[in-house]
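None of the values given here were measured: they were computed from a predicted structure.
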Amino acid sequence: MLPRSLWSSTFSAPFLVLSFLISTSSGRLPDGPAHGNMPRRPTIPEVRLGARASLPVVDVNGNELPPYNTVYHFDQLIDHNRPYLGTFKQRFWHTSEYYKPGGPIILSTPGERNADFYFSYLTNMTIMGVLAQELNGATIVLEHRFYGQSNPYPDLSVESLRVHTIQQAIDDLQYFAENVVLPMPGGDKVAPRMAPWIFAGGSYAGALASWAMVSKPNLFFAAYSSSGVVQARVDFWEYFEPVREYMPRNCSLDVEAAISQVDKIFQSGNTTAMDSIKKSFGLSDLTNSIDFLGALRNNLWDWQQLQPSTGSMSIFYRFCDQLQLKPGAAPQPTGWGADYALGAWGRFWRREYYPYLCGIDDAETCLGTANPALDYWTDTSPGNSARAWFWTVCNEVGYLQADQNAAPEGKPSLVSRLVQPSYDLRQCQLMFPKAFSKVPTPRADLVNLLYKGWNVNLDRIIFVNGARDPWRDTTMSARGQQPRVTSKQQVHLTDGFHCSDLTLDGAVDPSIAEVHRKAVESMRKWLRSYRPTPRPQNPVKPPRPPPPHLWRPFRTKGRKSKKTNAWMRDGQ
């Protein structure tokens with residue numbers, strides 16, 4: 001048990017995403033504030049078009065098309081269970097660069113991110129564009145509800161987020177596919193049953209590929225799921241196992257030794273020794289000592305940035321270098337031991353990592369969880385993607401990246417065993433006090449029951465995962481699992497990292513290049529069997545805008561918070 005002295009009387013909770021650490025650059029992305037003591041979202045890599053972004057886009061007949069970054073808007077239902085509430089503007093990007101009549105419509109979403117950064121996924125620099133080029137298809141990138149500028153309501157309050165669920169997202173895909181008129185010749189005649197639709201996504205969106213095919217069996221003809229986190233899990237300590245197994249062995253041994261020593265000191269309750277370690281990392285100002293232990297996970301989370309093309313100067317390898325490059329001595333295959341590693345780790349934080357992670361923020365603002373008034377917890381403005389994703393985490397998927405007592409006895413650990421999932425889940429109360437009167441338990445079991453998780457039985461879907469992916473044990477390639485594998489439900493394991501197969505950059509790894517070849521071959525074969533099955537449909541009429549008093553799901557004025565808590569109770 002954690003000594004009581006590590007907790008303050010206020011909430012102590014970290015969780016969620018350090019969204020501003022992407023590839024090898026630092027800085028806060030404009031799609032929401034970041035908090036430094038929170039696990040990474042399972043996001044997909046960005047793809048930069050470079051000079052290609054300024055070149056004309058030309059279709060197969062030589063006609064010039066709108067630029068890739070042209071934004072279109074679709075009138076999406078606010079609530080698919082209550083269509084009378086009206087619609088909101090959902091953004092999408094589209095190109096028919098490679099399209100020929102009869103070709104597939106390839107739909108993707110970046111999932112839990114502002115989609116401004118992902119119109120490049122229309123192009124053949126990604127697997128979506130490769131499939132379109134090889135199969136004569138058109139590509140679409142659809143922004144997920146409550147991310148970027150696709151917001152059903154003008155804020156991210158608890159009342160607004162009631163319609164932010166996995167099922168609503170799946171229903172969005174169906175309503176969009178069945179009703180959108182694509183800005184291309186014949187764009188009103190390519191709805192599902194009239195043309196084959198392929199959904200392709202990575203990470204959370206890779207899970208949506210599977211979940212949508214389970215929920216809507218006749219919607220997508222085929223799907224491609226890259227690193228799809230299909231199995232929701234509250235206690236996901238295995239996140240760090242691929243990191244431990246594939247990082248340099250001397251570095252992993254030293255991290256394990258250093259963390260074991262830190263845990264012994266913090267379990268002892270020796271405040272002098274605890275303060276000394278915090279000071280060596282430049283983190284003396286953290287009010288809750290448990291926040292210090294949680295913050296050390298950042299150096300392991302950085303593994304998630306890596307890709308086959310990543311160079312040795314990435315921040316993760318910089319970290320290992322600092323622990324292993326001892327002045328005047330050659331690196332040792334078994335490391336230098338706990339004392340040297342802990343000292344080197346602290347120097348790295350003080351001199352290099354803290355500015356990289358926190359910028360000009362003080363330690364309490366960047367890493368602390370003692371102050372519930374921080375903007376991070378209270379900011380309900382649209383575009384705060386960290387808040388939108390955390391709502392899904394708290395309510396449905398979990399994915400808590402903490403070590404915990406259920407781990408096999410004596411198993412090596414790269415992170416403190418004192419950082420339990422309950423510590424991360426306390427952030428739910430900090431961020432959504434009207435929804436959670438106590439520490440919640442995400443409804444992961446219900447998600448797995450509804451969408452089948454590892455137990456899916458689908459036709460025409462390709463699951464691709466990476467052996468080095470920290471999210472591997474939520475995917476169809478999880479160790480210890482034996483998913484259904486057939487010629488129509490394929491499961492491939494590459495030597496890549498998280499979503500390495502989504503981009504052509506990842507194909508520098510031969511195992512990924514081979515999966516790309518097989519995916520095109522399989523999709524081409526499956527498409528030969530496609531037959532349109534048009535059926536008479538009533539004309540689709542978008543619902544009228546809701547009257548002003550129905551703009552929000554319900555009014556809070558005059559209501560007690562108990563009503564909201566009662567709604568959430570089945571998820572606790």
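- Ser96 contributes no side-chain N or O that, together with a main-chain N or O of Ala138, makes up a donor-acceptor pair within less than 3.5 Å.
- Between Pro242 and Pro470, the shortest heavy-atom contact is CG-CA, 4.0 Å.
- The pair Glu521-Lys518 does not count as a salt bridge, with every side-chain nitrogen at least 4.0 angstrom from each carboxylate oxygen.
- Of the charged side-chain nitrogens involved, at least one lies within less than 4.0 Å of a carboxylate oxygen, so that Arg297 and Asp424 count as a salt-bridged pair.
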Pair Glu112-Thr43, side chain to side chain contact (heavy atoms under 4.5 Å, CB included): steps then yes or no: CA-CA 7 Å; Glu112 67 281 30; Thr43 54; 3.7 Å; yes
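- Without hydrogens or angle criteria, Tyr399 side chain to Val229 main chain gives a donor-acceptor distance under 3.5 Å.
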Give the C-alpha distance, both sets of side-chain angles, the deciding distance and a yes or no for side-chain hydrogen bond (donor to acceptor under 3.5 Å, both in side chains) between Ser215 and Gln167. CA-CA 8 Å; Ser215 178; Gln167 189 58 51; 3.1 Å; yes
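- Asn37 places a side-chain N or O within donor-acceptor distance of the main-chain N or O of Leu367, the cut-off being under 3.5 Å.
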Between Thr310 and Gln305, is the side chain to side chain contact (heavy atoms under 4.5 Å, CB included) condition met? List the steps. CA-CA 9 Å; Thr310 301; Gln305 300 178 43; over 6 Å; no
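- Of the inter-residue distances, the one linking Cys320 atom SG with Met247 atom CE reads 4.0 Å to the nearest 0.5 angstrom.
- With rounding to the nearest 0.5 Å, the separation of CG in Leu306 from CZ in Arg468 is 10.0 Å.
- Listed for the Trp93 side chain is no donor-acceptor partner under 3.5 Å among the backbone atoms of Leu142.
- With Gln324 contributing its side chain and Ala330 its backbone, the two residues share no donor-acceptor pair below 3.5 Å.
- Looking at heavy atoms from C-beta onward, Phe240 lies out of side-chain contact with Val255 at the 4.5 angstrom threshold.
- Taking the six-membered ring for Trp and thresholds of 30 and 60 degrees, Trp349 and Tyr354 have ring planes inclined between 30 and 60 degrees apart.
- For the pair Lys216 and Asp172, the salt-bridge criterion is not met [side-chain N within less than 4.0 Å of a carboxylate O].
- Both cation-pi conditions hold for Arg460 and Phe221: the charged atom is under 6.0 angstrom from the six-membered ring centre and inside a 45 degree cone around its axis.
- A salt bridge does not link Lys411 to Glu238: none of the charged side-chain nitrogens sits closer than 4.0 Å to a carboxylate oxygen.
- Taking the six-membered ring where the residue is Trp, the centroids of Phe176 and Phe74 are separated by under 6.0 Å.
- Ring centroids of Phe497 and Trp303 are separated by less than 6.0 Å, placing the two rings close together.
- Using a 4.5 Å cut-off on side-chain heavy atoms (C-beta onward), Ile461 and Ser210 make contact.
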Kindly indicate, with the supporting measurements, whether the criterion side-chain hydrogen bond (donor to acceptor under 3.5 Å, both in side chains) is fulfilled by Ser522 and Gln490. CA-CA 9 Å; Ser522 295; Gln490 301 177 15; 2.8 Å; yes
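- Annotation: side chain of Gln481 is not in contact with side chain of Gln231 (no heavy-atom distance under 4.5 Å).
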Working note: Asp469 + Ser227, criterion side-chain hydrogen bond (donor to acceptor under 3.5 Å, both in side chains); need CA distance, chi angles, decisive distance, verdict. CA-CA 8 Å; Asp469 183 3; Ser227 295; 3.2 Å; yes
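- Annotation: side chain of Val456 is in contact with side chain of Met476 (closest heavy-atom distance under 4.5 Å).
- Side chain of Arg233 to backbone of Asp473: a donor-acceptor contact under 3.5 angstrom is found.
- In this structure, the side chain of Asn63 does not engage the main chain of Asp59 through any donor-acceptor pair within 3.5 Å.
- Inter-residue side-chain proximity for Gln307 and Ser314 is flagged as unmet; no heavy-atom pair is nearer than 4.5 Å.
- By the 4.5 Å heavy-atom criterion applied to side chains, Val520 and Leu131 are counted as neighbours.
- Under the ring pair (Phe, Tyr, Trp, His ring centres under 6.0 Å) criterion, Tyr68 pairs with no residue, sequence neighbours left out.
- Judged purely by atom type and a 3.5 angstrom limit, His94 uses its side chain to pair as donor or acceptor with the backbone of Thr139.
- Atoms CZ and CG, on Arg249 and Asp254 in that order, are 10.5 Å from each other to the nearest 0.5 Å.
- Remark: Tyr246 engages no residue in a ring pair (Phe, Tyr, Trp, His ring centres under 6.0 Å) (not counting sequence neighbours).
- Donor-acceptor pairing under 3.5 Å is recorded for the side chains of Asp302 and Tyr353.
- At least one side-chain heavy atom of Asn465 sits less than 4.5 Å from a side-chain heavy atom of Val491.
- Taking the ring centroids of Trp391 and Phe146, they lie at or beyond the 6.0 Å cut-off.
- Taking the six-membered ring wherever Trp is involved, the centroid distance between the rings of His516 and Tyr224 does not fall below 6.0 Å.
- Under a 3.5 Å cut-off, the side chain of Arg472 and the backbone N or O of Leu493 do not form any donor-acceptor pair.
- Of the possible polar contacts, none joining the Arg91 side chain to the Glu143 backbone as a donor-acceptor pair under 3.5 Å is found.
- Phe236 has its ring centre less than 6.0 Å from the ring centre of Trp471.
- Residues Phe463 and Gln489 meet the side-chain proximity criterion, which asks for heavy atoms closer than 4.5 Å.
- Here the closest heavy-atom approach between residue Ser108 and residue Phe199 is recorded as CA-CE1, 4.4 Å.
- Rounded to the nearest 0.5 angstrom, Phe119 CZ and Leu49 CG are separated by 5.5 Å.
- Between Asn384 atom CG and Asn114 atom CG the span is 11.5 Å, to the nearest 0.5 Å.
- Note: Ile44 CD1 to Ser500 OG = 12.5 Å, rounded to the nearest 0.5 Å.
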Evaluate side-chain hydrogen bond (donor to acceptor under 3.5 Å, both in side chains) for Ser385 paired with Arg41, printing each intermediate quantity in order. CA-CA 10 Å; Ser385 62; Arg41 279 173 285 182; 3.0 Å; yes
